[in-house]
J.: 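Below: one structure in structure tokens.
Convention: sequence-line order gives letters A, B, ...; per-chain numbering from 1.
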Amino acid sequence: VTYLLDGNAIAGDLFAAFGREMTDVVGKCGNCGTASAVAELCVYPRAPGAVARCPTCDVVVMVVVTIGGGCHVHLPALELQEPA
Amino acid sequence: MARAALPGRLNWQLGRVVDTIQETHRAKSLVLDLPNWPGHRAGQHVDIRLTSDDGYQAQRGYSIASAPEDDGVTLTVDRLEGGEVSPYLTDVVEPGDEIEVRGPIGGYFVWDALLSGPLLLVSGGSGIVPMRAMLRHWAAARPPVKVRLLHSARSLDDVIYRDEVMRLAAFDEADVRIALTRVWPEGWRGHRGRIDREFLLDASWAPKDEPRIYVCGPTGFVEAAAAALVENGQRPETIKTERFGPTGG
């Protein structure tokens, strides 16, 4: 079973990785152009890492993996903007 | 006096459990003393990390149930059957124990008493936890905005903080409406069944009143409620959502 949550569920790991609160930061999807707060992304937390998808087009925009106490974030299709 | 956290850092710290409160048969509150707590905003959460003897670690997020004005930081944990973390927190942890915590976390699903507009809180099950922080913040700050809680639970006995939210309903500016989905007491005059579009239409302020809307609960509940609110004419940008779910319990 795959559970769907949202960006709030990975807020702690993102804070640890970016050094600041990220849920209210807006990201623009590289595929469809939708601008969403990170909190609004569709997050599947149970993959080998957490996978975040665009709420509009479902493309994978972010992958968060924690290994050996370090948190690694990949942004295959997300352009982060400054908080509003 | 609490020391301020280093900016840009989110550190794990040990919190001492100073009290536990059995809220319902499944939900238990833990009151923590956190010496390096920088203060929090209503709606934020913390991460909790448990480490077993062999070094295996499990981490979960829990919403903060206490207001910024309250002493200590209260978390309410819903016990998920077969979960890795929640049964330990609800069944094993007792006052005097220490647990690893990092936070506060979250800048999106937060409410501050300085914000304008009536406050509409829509929660299902343990989604009431961050709403309780907002309600207590509202009651402590008493801003000139009205507040309304629409909450859905299986039965009256499953309503977390039941007595507290019912007392809040005594204020002129506050309103609490409970929907019971499975079991209702004899003579129950509240809503029977899920929070649906008609219930939301009846219980929400009109879009022209510019309510600030927060929706929290299991994923299916949040998506249904948010979609119904939009169908009822509420502007999507006024609706903030937070989905709860088993990331392993």
J.: Are A:Glu21 and B:Tyr108 close enough that some pair of their side-chain heavy atoms sits under 4.5 Å apart?
T.: no
J.: For chain B, find its close neighbours in residues 28-39 of chain A: heavy-atom separation under 4.5 Å, sorted by number, or none.
T.: A:Ala37, A:Ala39
J.: Check this for me: B:Asp54, atom CG, are more than 12 non-hydrogen atoms of other residues, nucleotides or ligands nearer than 6.0 Å?
T.: yes
J.: State the CZ-CD1 distance between A:Phe15 and B:Ile105, to the nearest 0.5 angstrom.
T.: 8.0 Å
J.: So which atom in B:Thr241 and which in A:Asn8 form the shortest heavy-atom distance, rounded to 0.1 Å?
T.: O-ND2, 3.2 Å
J.: Quick check on the structure: residues of residues 209-239 of chain B within a heavy-atom distance below 4.5 Å of chain A, by number.
T.: B:Thr219, B:Glu223
J.: Atom CZ of residue position B:Arg26 - does it have more than 12 heavy atoms of other residues, nucleotides or ligands inside 6.0 Å?
T.: yes
J.: How would you list, by chain and number, every residue that makes a ring pair (Phe, Tyr, Trp, His ring centres under 6.0 Å) with B:Phe199, sequence neighbours excluded?
T.: B:His191
J.: If I compare all heavy atoms of A:Gly12 with all of B:Asp47, which pair ends up nearest, and what's the gap?
T.: CA-OD2, 3.4 Å
J.: Side chain to side chain donor-acceptor pair (under 3.5 Å) with B:Ser123: which residues, sequence neighbours excluded?
T.: B:His151
J.: For the pair A:Thr23 (side chain) and B:Gly107 (backbone), establish whether a donor and an acceptor sit closer than 3.5 Å, ignoring hydrogens and angles.
T.: yes
J.: Please determine if B:Arg102 and A:Asp13 form a salt bridge, counting it only when a charged side-chain N lies under 4.0 Å from a carboxylate O.
T.: yes
